[in-house]
Participant: 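Quick one: the structure is below, questions incoming.
Throughout, residue positions are numbered sequentially from 1 according to the sequence presented.
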Amino acid sequence: MAAVMPDVIGGNAGRAREQMGAGTDMAFEDASGRGRQVGDPAEWRICASRPGPNQRITDYPVVFDVVMTSENCEDTAAK
């Protein structure tokens with residue numbers, strides 16, 4: 001049975017990590033374009049995910065594009 005990506009856009013990356021479970025291969029990437037390391041996902045907000053919300057997860061790692069909780073996703077550099 002294939003897993004389905006939950007809709008975690010706008011949510012806290014630390015909570016999303018807990019929701020996905022420890023056995024899920026996940027990566028957190030700085031969506032600002034500055035290449036910052038995501039040390040503690042709880043300090044970051046999710047702007048996008050790959051795969052997108054409600055899509056089947058067919059490839060790992062699941063990738064979350066994130067910004068610090070004090071920042072807005074709208075301020076991120078265009079990819």
Side-chain angles (χ1 to χ4, degrees):
M1 181 173 129
V4 174
M5 175 64 92
D7 185 357
V8 293
I9 306 302
N12 181 276
R15 278 188 272 219
R17 182 174 63 179
E18 292 170 6
Q19 183 178 353
M20 296 293 291
T24 304
D25 188 12
M26 292 172 266
F28 297 91
E29 296 181 356
D30 181 4
S32 73
R34 290 182 267 180
R36 298 174 292 187
Q37 293 295 321
V38 180
D40 180 3
E43 296 175 356
W44 297 76
R45 169 193 335 270
I46 299 171
C47 296
S49 65
R50 291 176 300 229
N54 304 311
Q55 293 181 349
R56 291 177 67 166
I57 301 172
T58 58
D59 204 14
Y60 291 91
V62 170
V63 179
F64 296 102
D65 294 324
V66 296
V67 294
M68 299 205 72
T69 55
S70 61
E71 300 168 345
N72 293 313
C73 291
E74 294 78 26
D75 297 337
T76 61
K79 289 208 167 216

Participant: Between Thr24 (side chain only) and Met26 (backbone N and O only), is there a donor and an acceptor less than 3.5 Å apart?
Facilitator: no
Participant: Side chains of Arg56 and Thr58: is there a donor and an acceptor less than 3.5 Å apart?
Facilitator: no
Participant: Sequence neighbours left out, what passes side-chain contact (heavy atoms from CB on, under 4.5 Å) with Asn72? Give chain and number order.
Facilitator: Glu74, Asp75
Participant: What's the shortest heavy-atom distance between Arg45 and Glu71, and which atoms?
Facilitator: NE-O, 3.2 Å
Participant: With a 4.0 Å cut-off, would you call Asp59 and Arg50 a salt bridge?
Facilitator: no
Participant: Which heavy atom of Val67 sits nearest to which heavy atom of Ala31, and what is that distance?
Facilitator: CG1-CB, 4.1 Å
Participant: Between Val63 and Tyr60, is there a shared hydrophobic cluster once you connect ILVMFWY residues whose side-chain heavy atoms come closer than 4.5 Å?
Facilitator: no
Participant: Looking at Pro51 and Ile57, what are the two nearest heavy atoms and their distance?
Facilitator: CG-CG1, 3.9 Å
Participant: Glu43: which residues meet the salt bridge (charged side-chain N to carboxylate O under 4.0 Å, His left out) condition with it, sequence neighbours left out?
Facilitator: none
Participant: Do Arg36 and Glu29 sit within salt-bridge range, that is, some charged N less than 4.0 Å from a carboxylate O?
Facilitator: no
Participant: Output every pair passing disulfide bond (SG atoms under 2.5 Å apart) with a member in residues 3-69, not counting sequence neighbours, ordered by first then second residue.
Facilitator: Cys47-Cys73
Participant: Cut-off 3.5 Å, no hydrogens considered: what does the side-chain donor-acceptor table look like for residues 3-15, sequence neighbours left out?
Facilitator:
unit_1	atom_1	unit_2	atom_2	d
Asp7	OD1	Ile9	N	3.4
Asn12	OD1	Gly14	N	2.8
Asn12	OD1	Arg15	N	3.1
Asn12	ND2	Ala42	O	2.7

Participant: Residues two or more places apart in sequence or in another chain: which of them pass side-chain hydrogen bond (donor to acceptor under 3.5 Å, both in side chains) with Glu18?
Facilitator: none
Participant: With sequence neighbours excluded, give me every ring-ring contact (aromatic ring centres under 6.0 Å, His included) pair touching residues 15-50.
Facilitator: Phe28-Phe64
Participant: Quick check: closest heavy atoms across Val66 and Val38, and the distance to 0.1 Å?
Facilitator: CG2-CG2, 3.8 Å
